[in-house]
Amino acid sequence: MSSPLSHPLVRTFLSSVERRTAALPAAWREELLEDLREEIAAALADDLAEDAAGDGDAAGDGDAPRDGDAAGDGDAAGDGDAPRDGDAPRDGDAPRDGDAAGDGDSVIGDERVRQVLDWIGTPEEIAADALAEESGSIPPEPEDAGATWVTLGLAVLPVPLCLVPGVGIPLGLVAALGALVRLWRSAPWARREKRQATLFVLSPLATVPVLAVALSLAFDGISAPAFVASLLIALTLPVVGAIRLARSAARLREQTGA
């Protein structure tokens, strides 16, 4: 009896999954393949058991005529042709032919194997799910344009708010926090885009002090115009990030017709 995992369709299926999940860590990929092997083997185990039981019954049926023939040969002991009659079942030997066919991969029919593999899923679907799970992301979904623009507005608002006397910096921090919360809860962007946008939103925290120091050294001290200039320059990255997110969200809406 052959293993269901040796069936050509199963081998092709597993090879395709392995090839499509090459980006996964080796340990994760091997764990995924082992789970698939166990699932396939379990699904086809009943078929192998039924085939084995059927082969056993066929062998038993084949033995019965030989026993009967032996009894008949005993009654006709005087016939010289009796030994040749006894040889006939050995020439046919139907049970052995059946066993030989059962030793191959065709013990389980191709159609049954296809049904099991279709039930498990296509290699493309399995690979996509595994890669999405590994990256912790979910496929982007279109979002209402108004909600998108609110998120992007909050993303670029912190720097201008810093120009408000007295309460500008606290308001800017609140706006940045609100932008990040909305950004990570929004559907139209993949996890990779959200990570990049987070860096753009938070970039003024690093660029403004650096620019302020550079301008103060260049002009012998920090002045109001120099501080405003540093804020405007620092606004560049959040604006670039917002433009990229806006284009990505718009492109997704066009593709889905939303």
*Check the pair Phe13, Ile120 against side-chain contact (heavy atoms from CB on, under 4.5 Å), reporting the backbone distance first and the verdict last.*
CA-CA 11 Å; Phe13 176 85; Ile120 292 175; 4.3 Å; yes
[Y] reachable from [X] in the ILVMFWY side-chain graph, under 4.5 Å edges:
X: Leu33; Y: Leu5; result: yes
X: Val174; Y: Leu157; result: no
X: Phe200; Y: Leu211; result: no
X: Trp119; Y: Leu9; result: yes
X: Leu237; Y: Leu154; result: no

Would you say [X]'s side chain and [Y]'s backbone share a donor-acceptor pair under 3.5 angstrom?
X: Arg182; Y: Ala147; answer: yes
X: Ser248; Y: Leu245; answer: no
X: Ser15; Y: Thr12; answer: no
X: Thr236; Y: Ile233; answer: yes

Contact check, side chains of [X] and [Y], non-hydrogen atoms, under 4.5 Å:
X: Val159; Y: Val208; answer: no
X: Asp110; Y: His7; answer: yes
X: Pro238; Y: Val201; answer: no
X: Leu14; Y: Ile40; answer: yes
X: Leu36; Y: Leu117; answer: no

*With the threshold set at 4.0 Å, does a side-chain nitrogen-carboxylate oxygen contact exist between Arg37 and Glu34?*
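Yes.
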*Run the salt-bridge test on Arg20 and Glu125 with the 4.0 Å N-O cut-off and return the result as yes or no.*
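Between Glu125 and Arg20 there is no salt bridge, as every charged N stays at least 4.0 Å from the carboxylate O atoms.
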*List in chain and number order the residues that pass side-chain contact (heavy atoms from CB on, under 4.5 Å) with Ala246, two or more places apart in sequence or in another chain; answer none if no residue qualifies.*
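Ala246 satisfies side-chain contact (heavy atoms from CB on, under 4.5 Å) with Trp149, Leu152 only.
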_I'd like to know whether CD of Glu31 has more than 12 heavy-atom contacts from other residues, nucleotides or ligands below 6.0 angstrom._
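No, the 6.0 Å shell around CD holds no more than 12 heavy atoms from other groups.
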Which heavy atom of [X] sits nearest a heavy atom of [Y], and at what distance?
X: Ala175; Y: Leu161; value: CB-CD1, 3.8 Å
X: Ala155; Y: Pro158; value: O-CD, 3.5 Å
X: Ala179; Y: Thr151; value: O-CG2, 4.1 Å
X: Thr207; Y: Pro204; value: OG1-CA, 3.2 Å

Reported [atom1]-to-[atom2] distance for the pair [X] and [Y], which is rounded to 0.5 angstrom:
X: Gln196; Y: Leu183; atom1: CD; atom2: CG; result: 11.0 Å
X: Arg253; Y: Glu143; atom1: CZ; atom2: CD; result: 8.0 Å
X: Leu163; Y: Phe227; atom1: CG; atom2: CZ; result: 7.0 Å
X: Ser203; Y: Leu235; atom1: OG; atom2: CG; result: 9.0 Å

*asked:* Could you go through Thr21 and Ile126, starting from their C-alpha distance and side-chain angles, then the distance that decides it, and tell me whether this counts as side-chain contact (heavy atoms from CB on, under 4.5 Å)?
replied: CA-CA 9 Å; Thr21 55; Ile126 294 172; 5.8 Å; no
*Going through the distances and angles, do Asp35 and Glu39 end up as a side-chain contact (heavy atoms from CB on, under 4.5 Å)?*
CA-CA 6 Å; Asp35 290 342; Glu39 192 169 0; 5.9 Å; no
*Hey, mind stepping through Val239 and Ile243 against side-chain contact (heavy atoms from CB on, under 4.5 Å) and telling me if it holds?*
CA-CA 6 Å; Val239 169; Ile243 292 173; 3.9 Å; yes
_Trp184 versus Thr198, side-chain donor and acceptor atoms under 3.5 Å_ =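 The criterion, which ignores hydrogens and geometry beyond distance, is satisfied for Trp184 and Thr198.
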